[in-house]
Amino acid sequence: MVEPLPSQETASLVKRLAGPSTGKAGLSKDQTDINRVIADVSKGSKFYENEKKKDKELSKKIEHILHLRDDLINRPGVNLAKTEAQVDQILHKLESERDLSQTIVHFDLDSFFASVEVLNDPTLAGKPFAVGHSVLSTASYEARKYGVRSGMATFVAKKLCPQLIMVSHSSSYSEPSHKVMEICSRYDPQMCPAGCDEGYLNITKYCAEHNISSEACVEHLRSTVFNETKLTVSAGIAPNLMLAKICSDKNKPNGQYSMPFDSVLIKSFMKELPIRRIPGIGRVSERLLESIGIKTCGDIYTHRATLSLMDKQFGLIHLLRTHLGIASNTVQPPQREERKSIGAERTFSPLQDKQKILDKLEEVCAELESDMEQTQWTGRTITLKYKLDSFEVFTRAKSFDRWISKKEELFAIGQELLLPELPLTIRLIGLRVTKLKDLRGPNPSTGIKRFFDAGNSPNPNKKPKLADSEEVPDENLPDFASPANPSVKPSSSRNEKSRTQHQSPFQRETHQCPVCDKQIPTENHAFNAHLDSCLSRSAIRQAQAEARPSPKQAQGNMLERWTKMAPKRLDR
DNA sequence: GCGGATCAC
DNA sequence: TATGGTGATCCGC
């Protein structure tokens with residue numbers, strides 16, 4: 001029974017099946033054919049059915065958003081010209097705070113795992129091969145010509161490229177990764193690694209001290225990396241992290257691209273840029289934005305009135321800044337105390353038998369205990385995650401008034417959360433611990449090693465930290481556990497992070513206005529005064545739009561939950 | 001605090 | 001035949 005779906009529906013499903021990484025990089029012109037093959041291979045599988053279901057729900061959500069948009073636009077008192085004028089005011093304000101003074105670099109090793117494998121087995125050079133097990137981590141550039149992508153199931157990749165050579169994660173990647181990070185950190189000791197194969201630098205100081213151009217600096221960095229590791233790296237140079245990241249993709253592999261440090265040229269660059277290229281905009285956000293006519297960053301301006309009316313759904317300020325090509329330009333190493341969770345999960349062939357499922361849970365618990373022990377974290381909220389053989393994912397959580405570390409405890413809690421859900425057919429079990437407490441004292445380490453050993457706050461000036469308070473073993477205990485000391489949220493109160501959002505390095509700075517990213521004096525008064533002035537404009541707009549308090553940060557999630565699914569349970 | 005969902009790597 | 005693991009964030013409730 002072939003039931004014809006609306007063409008939009010199939011198109012988006014076919015695209016969805018092609019995998020998350022499709023569309024991020026440049027797509028070849030016969031991507032449509034490739035997507036067709038992928039869809040055909042997948043058809044009928046449980047994975048496919050689940051993707052289809054998710055795609056349908058997204059379509060419904062879009063329908064709802066379009067109705068909401070029409071409703072808002074036609075609301076009495078709404079004047080689109082006036083709304084546009086107000087947005088233009090915000091744009092003017094944002095523009096006036098553009099900072100072109102810092103030179104940011106994003107570096108990215110070219111197909112890192114694949115390149116390391118070639119070094120270990122030179123016969124792979126020039127051949128289509130991929131690294132991974134059931135799902136690909138990386139594909140060589142030859143394999144990519146066939147449409148093979150990371151995140152793709154191996155059997156699908158083989159269908160696209162029958163000659164594809166599969167290589168399992170044989171080598172150790174950490175040594176070359178550390179070596180590259182060490183080299184890059186020579187150009188900025190505050191380097192921020194982003195995963196094992198990329199990172200951010202602020203080379204402003206380095207270039208000034210060595211009296212060289214940023215281009216020459218990055219050429220030097222890239223050739224040094226190559227000489228010392230035989231790995232090629234691509235890089236982007238720009239006035240902020242977002243642009244640098246986008247630029248590093250432009251001349252990949254083994255190339256670099258420099259953004260002009262000129263607001264007019266930056267804006268013309270952004271105008272044609274597909275929104276999907278913006279870090280943080282994935283396949284879902286892409287479809288949502290596309291539904292209201294936004295495909296490129298230039299379209300953000302065209303539809304600014306709609307976005308203003310639908311700030312709640314789309315996050316106006318963040319999109320406006322994106323359209324202008326404005327983003328954070330502060331680079332700092334990740335800090336240990338910023339960690340929010342630690343977890344472990346495992347996929348296996350679907351299991352129904354209760355005892356077998358519990359065995360898997362126990363394994364996961366043992367793994368988690370070991371990781372927590374090694375990294376010296378404990379926590380008081382435990383979240384169980386399970387995935388059915390239908391690929392639907394669920395979580396169940398519980399918080400405690402004590403710190404959980406031992407596998408026996410983890411296992412007992414895991415069972416408590418899981419057993420009421422059974423019987424089920426499960427293909428994945430995971431456990432995650434949040435509300436963490438650092439068992440390692442704030443013990444600043446020295447040298448380059450800090451990048452690799454999970455942090456250890458390398459910023460001594462940032463945390464004078466009362467010498468005795470850290471001796472109190474229960475400093476992080478929640479209120480009810482230490483009634484005498486109501487000073488919860490130590491990590492927020494220690495350094496004014498309570499109003500800052502960290503999402504990726506793009507917004508990780510400590511004393512930066514979330515609206516305009518200006519660096520603000522750390523005194524609360526100055527910071528809040530600035531923030532308020534920054535947000536007042538959106539407040540005006542909001543009042544007209546319909547109501548709702550002011551948006552508290554620039555980065556709005558586009559996916560407000562508007563349909564409530566029954567908290568799915570298999571009926572027995 | 002909990003659960004669902006998106007996103008990056 | 002068959003589609004990963006870790007961590008973060010956001011939203012609604």
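Residue numbers start from 1 in every chain, and the chains themselves are labelled A, B, ... in the order their sequence lines are given, proteins ahead of strands.
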> Under 4.0 angstrom, heavy atoms only, what part of the nucleic acid is A:Phe391 near: base, sugar-phosphate, or nothing?
Replying inline: sugar-phosphate

> What distance separates A:Ile413 CD1 from A:Leu418 CG, expressed to the nearest 0.5 Å?
Replying inline: 13.5 Å

>> Heavy atoms only, 4.0 Å cut-off, all strands: where does A:Lys46 land among base, sugar-phosphate and nothing?
In response: nothing

> Expressed in angstrom and rounded to an integer, what is the separation of A:Phe394 atom CZ from B:dG4 atom C1'?
Replying inline: 10 Å

> For C:dT6, does either OP1 or OP2 sit under 4.0 Å from a side-chain N or O belonging to A:Arg432?
Replying inline: no

> For the side chain of A:Thr347, counting heavy atoms from C-beta on, which of C:dT3, B:dG1, C:dG5 is nearest?
Replying inline: C:dG5

> Looking only at side-chain N and O atoms, does A:Ser285 come under 4.0 Å of OP1 or OP2 in B:dC7?
Replying inline: yes

> For atom P, what is the distance between C:dT3 and B:dA8, given to the nearest Å?
Replying inline: 24 Å

> Below 4.0 angstrom from OP1 or OP2 of B:dG4, is there any side-chain N or O of A:Arg396?
Replying inline: yes

>> Looking at A:Lys43, I'd like to know whether one of its side-chain N or O atoms comes within less than 4.0 Å of OP1 or OP2 on C:dT3.
In response: no

> B:dA5, C:dG7, B:dC2: which one has an atom nearest the side-chain heavy atoms of A:Thr381?
Replying inline: B:dC2

>> Tell me which pairs pass side chain to side chain donor-acceptor pair (under 3.5 Å) where either residue lies in residues 107-116 of chain A, with sequence neighbours left out.
In response: A:Asp110-A:Thr232, A:Asp110-A:Ser234, A:Asp110-A:Lys252

>> C:dA8, OP1 or OP2 - any side-chain N/O from A:Ser341 closer than 4.0 Å?
In response: yes

> What integer distance in Å separates A:Arg380:CZ from B:dG1:P?
Replying inline: 4 Å

>> Once hydrogens and angles are ignored, does a donor-acceptor distance under 3.5 Å link the base of C:dT3 to the side chain of A:Ser42?
In response: yes

> Considering only B:dC9, B:dC2, C:dT6, which nucleotide approaches the side chain of A:Ala344 most closely?
Replying inline: C:dT6

> According to a strict under-4.0 Å criterion, is A:Arg346 in side-chain N/O contact with OP1 or OP2 of C:dG4?
Replying inline: no

> How close or far is atom C1' of B:dA8 from atom CZ of A:Arg277, stated in whole angstroms?
Replying inline: 15 Å

>> Would you compute the distance between atom OG of A:Ser308 and atom CE of A:Met310 and round it to the nearest 0.5 angstrom?
In response: 11.5 Å

> Under a 4.0 Å N-O cut-off, is there an ion pair linking A:Lys179 with A:Glu182?
Replying inline: yes

>> Check this for me, if you would: do A:Lys60 and A:Glu63 make a salt bridge, where the nitrogen-to-carboxylate-oxygen distance has to be below 4.0 angstrom?
In response: no

> Which residue lies toward the 5' end of DNA chain C, A:Gly343 or A:Thr154, if each is placed at its nearest nucleotide?
Replying inline: A:Thr154

> So, is A:Lys385 close to the B:dG4 phosphate, meaning a side-chain N or O under 4.0 Å from OP1 or OP2?
Replying inline: no

> Think A:Ser45 has a side-chain N or O under 4.0 angstrom from the OP1 or OP2 of C:dT3?
Replying inline: no

> Toward the 5' end of DNA chain B, which comes first, A:Leu417 or A:Arg16, by nearest nucleotide?
Replying inline: A:Leu417

>> A:Ala244: which residues meet the side chain to side chain contact (heavy atoms under 4.5 Å, CB included) condition with it, sequence neighbours left out?
In response: A:Ile104, A:His106, A:Ala238

>> From CZ of A:Arg287 over to P of B:dA5, roughly how many Å is that when rounded to an integer?
In response: 15 Å

>> By the 4.0 Å heavy-atom rule, please label A:Lys435 as base, sugar-phosphate, or nothing.
In response: sugar-phosphate

>> For a quick check of understanding: with a heavy-atom distance under 4.0 Å over all strands, which category does A:Glu198 fall into, base, sugar-phosphate or nothing?
In response: sugar-phosphate

> In terms of the nearest nucleotide of DNA chain B, which residue is placed more toward the 5' end: A:Val393 or A:Cys196?
Replying inline: A:Val393

> How do A:Glu367 and A:Val156 order along DNA chain C: which one's closest nucleotide is nearer the 5' end?
Replying inline: A:Val156

> Are A:Lys312 and C:dG12 close enough that a side-chain N or O sits under 4.0 Å from OP1 or OP2?
Replying inline: yes

> Just checking A:Leu428: base, sugar-phosphate only, or nothing, at a heavy-atom cut-off of under 4.0 Å?
Replying inline: sugar-phosphate

